[in-house]
2 protein chains.
Amino acid sequence: MATHGARGRSGGRPTLEEVAARAGVGRGTVSRVINGSPRVSDATRAAVEAAVAELGYVPNTAARALAANRTDAIALVVPEPETRFFAEPYFSDMLKGVGAALSDTEMQLLLIFAGSDRERARLAQYLAAHRVDGVLLVSVHADDPLPDLLAQLEIPAVISGPRSAAETLPSVDSDNYGGARQAVEHLLSRGRSRVAHITGRLDVYGAQRRVDGYREAMSDAGLGVDEGLIEAGDFTEEGGHRAMEVLLERHPDIDAVFAASDVTAAGARRALREAGRRIPEDVALVGYDDSAIARHMEPPLTSVRQPIEEMGRRMIDLLLTEVADRRPLASRGLDRRQMVLATELVSRSSS
Amino acid sequence: MATHGARGRSGGRPTLEEVAARAGVGRGTVSRVINGSPRVSDATRAAVEAAVAELGYVPNTAARALAANRTDAIALVVPEPETRFFAEPYFSDMLKGVGAALSDTEMQLLLIFAGSDRERARLAQYLAAHRVDGVLLVSVHADDPLPDLLAQLEIPAVISGPRSAAETLPSVDSDNYGGARQAVEHLLSRGRSRVAHITGRLDVYGAQRRVDGYREAMSDAGLGVDEGLIEAGDFTEEGGHRAMEVLLERHPDIDAVFAASDVTAAGARRALREAGRRIPEDVALVGYDDSAIARHMEPPLTSVRQPIEEMGRRMIDLLLTEVADRRPLASRGLDRRQMVLATELVSRSSS
DNA sequence: AGGTACCGTGGGAGCGCTCCCACCAGTGAT
DNA sequence: ATCACTGGTGGGAGCGCTCCCACGGTACCT
């Protein structure tokens, strides 16, 4: 927990100036050492470091922020109420990845919820004050004004799932299309052929891509696409339940279901049980997310795993590059940096 | 999302100075208006407010922090790995209360995990840099050096559960002693008399107080205290299971158990089931925390509810007072502010 | 010998704010 | 008329840092 020897005589914290005096050098030199500039001789550097240690010098962040016009902080903005944040493992995994990537850095992470209008107003104020160098945006809906606000304020930002194929912000996403294909191909390889799909909220781009993946996997397998086998859900348990009921009504001979999330799959499972269908004997079931729910379901649920922690790490990488790069607007925006990470099918007994 | 009209001609954000010029007043006056000082005439205030709105002025936090030597930020320090933070509803409830209390304020909340040594070192550095005006400490063990570090750095802090009866930091706690009494008296009123207690980690002061409550309730009821009916747990499921086994071995005629947490009760329940005891017919069971576990247990668990959200709110109140009060050391520390909130027994079918 | 290039270094200027002292009425008491 | 306030105001000083220009020194060319 570090030493902190004598302080400036007046009892306050030591300043750069005091360190400089102690080391017998100028203010600029100390600043260079603190900031790791290479343009300092080894001897000088050692002298300064000694003085820093003796005085227990810690840079004053406010002064640095004022002079350098940066804050060394970035925000993870969650446009959801806190409750959902804690309920969904997605966020905690993301946070873990982000935290890990940031721990080698001087950067400070701020967690900001913007679920209510009140909170959003506060956030707008906060961003306008430029209290962070960059923003990580997770779980953003198609019509959210936040990305535009950030663009207008010229604050670097990275988004976790692109809002559309034409996303302008740098983004990190998992391969929703490929993941969906994995799921469907898995079901087909198990000998199923009447595979239904319960979608997610279709205003979320990722959900659309999963539908695309489902469609093309079916069609590539020569089974054609029966639109009657697709039913819209909304990522909730209730939505999954309702959609499954509709599907069973329409196609009683369904022998497999690919649900757009594990929670949706849980709803579907309930409807299947209520209809007397056995899993996996009568109907095979595959979810998406590979969350705790999947592992604890009865029977355990086959699911498509997204590397969420890895996504968090990549988002930080992108953002830090973006923050560092802040060149005079010229070359920016052209080289769109969109990153897509592979998914992995985790096979369990539900399929 | 607020207006932001024309900016300073150079494209940057408008400054106090520019607002002053626009309003035709001095810098000091604008500062007074911004900070809500009463020593400004209504006419002047209106003029300044108009200028602020027209320019879309937002104060520069870094400059303010530097000049005023405050940050307008406080930290919620969680000395646990992130995993536990997400797993235990205690933290999310606390965060909700804290967030609510802070939302009327300009204060910014920082969430800081200090589970690993690495993270703790970072935290120490962070605190040494005085990057927050105050600290909220939750879930601190008896031997944690953090409170001393804070005292040494003279950073105002409030602790969620006192470390001992002689806690020097301001604290907010629920009435562990009273809550335990409620639990035991409830069991006695249900006609039970051979009531066992599985404790929490005894290096946590609150756990000790629960034992005290158990002891005195038993003794006040004229049943005396059989030390053999007390077995140490550690707040975990496994600990509860083990302790229950020991207790059943020692006292097969136990007809009630008060567990120091819901998780502990879940472990005890498992051991009771394995021993063929029915709940509540053979053995009544009461937990502590009234968490989600209690509601979803089979049978639903009677439990002592702590007003955690309320505790969060109170902690903020105390801390903000502490931060505002920062008088020259003289009158501080004498008026210890320890706050204890009442618990409530939530009766369900396990007892 | 002079010229050119750099490297390492010192320190002025300034970031945008708050604090505080000085100042100017106006008011009421003497 | 004089004095003592008081409410309202302007602006200097300074918070601790980074940025950048200027300087002397060394090294390597012409």
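Below, chain A is the first sequence line, B the second, and so on; all start at residue 1.
For B/T29 and D/dG10, the shortest distance from a side-chain N or O to OP1 or OP2 is below 4.0 Å. Residue B/N35 places at least one side-chain N or O under 4.0 Å from the OP1 or OP2 atom of C/dT18. OP1 or OP2 of C/dT18 sits under 4.0 Å from a side-chain N or O of B/R64.
For C/dG10, the base has a donor-acceptor partner in the side chain of A/R32 [N/O atoms by modelled type, under 3.5 angstrom]. With hydrogens and angles ignored, a donor-acceptor pair under 3.5 angstrom links the side chain of A/R27 to the base of C/dG12.
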**Message:** salt bridge (charged side-chain N to carboxylate O under 4.0 Å, His left out), that's the test. Do A/E119 and A/R122 meet it? Break it down for me.
**Reply:** CA-CA 5 Å; A/E119 288 174 332; A/R122 246 175 96 89; over 6 Å; no
**Item:** side-chain contact (heavy atoms from CB on, under 4.5 Å) assessment of A/R64 paired with A/I34
**Value:** CA-CA 11 Å; A/R64 171 178 289 175; A/I34 299 293; 3.4 Å; yes
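In this structure, A/R70 atom CZ and C/dC15 atom C1' are separated by 13 Å, rounded to whole Å. Regarding B/L16, its CG atom lies at a distance of 19 Å from the P atom of D/dG14, rounded to whole Å. Counting to the nearest Å, the C1' atom of D/dG14 and the CD atom of A/E17 are 13 Å from each other. Across the protein-nucleic acid pair, B/L66 atom CG and D/dT18 atom C1' stand 12 Å apart, rounded to whole Å. B/N69 has its CG atom 14 Å from the C1' atom of D/dC17, to the nearest Å. Regarding A/E18, its CD atom lies at a distance of 11 Å from the P atom of D/dC15, rounded to whole Å.
Listed nucleotides: D/dT18, C/dG16, D/dC17. Nearest to the side chain of A/N60: D/dC17.
Ring geometry, B/F113 versus B/F85: the interplanar angle exceeds 60°, so the pair is classed perpendicular (tilted spans 30 to 60°).
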Where do N or O atoms of nucleotides 22-28 of chain C meet protein N or O atoms at under 3.5 Å, pair by pair?
none

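Within a 6.0 Å radius of CG in B/D104, other residues, nucleotides and ligands contribute more than 12 heavy atoms.
Between A/R22 and A/E18 no salt bridge is recorded (no basic side-chain N to carboxylate O distance below 4.0 Å). Note on A/D144 versus A/R120: salt bridge recorded, some NZ/NE/NH1/NH2 to OD/OE distance being below 4.0 Å.
Closest-nucleotide positions on DNA chain D for B/V30 and B/A67 were compared, and the one nearer the 5' end corresponds to B/V30.
Of all non-hydrogen atoms in A/N60 and A/R13, the two that sit nearest each other are CA-NH2, 3.8 Å.
At distances below 3.5 Å, at least one donor-acceptor pair connects side-chain atoms of A/Q338 with backbone N or O atoms of A/E167. Here the side chain of B/D133 pairs a donor or acceptor atom with the backbone of B/D72 at under 3.5 angstrom.
Contacts between residues 38-48 of chain A and DNA chain C, counted as heavy-atom distances below 4.0 Å, involve A/R39, A/V40, A/S41, A/T44.
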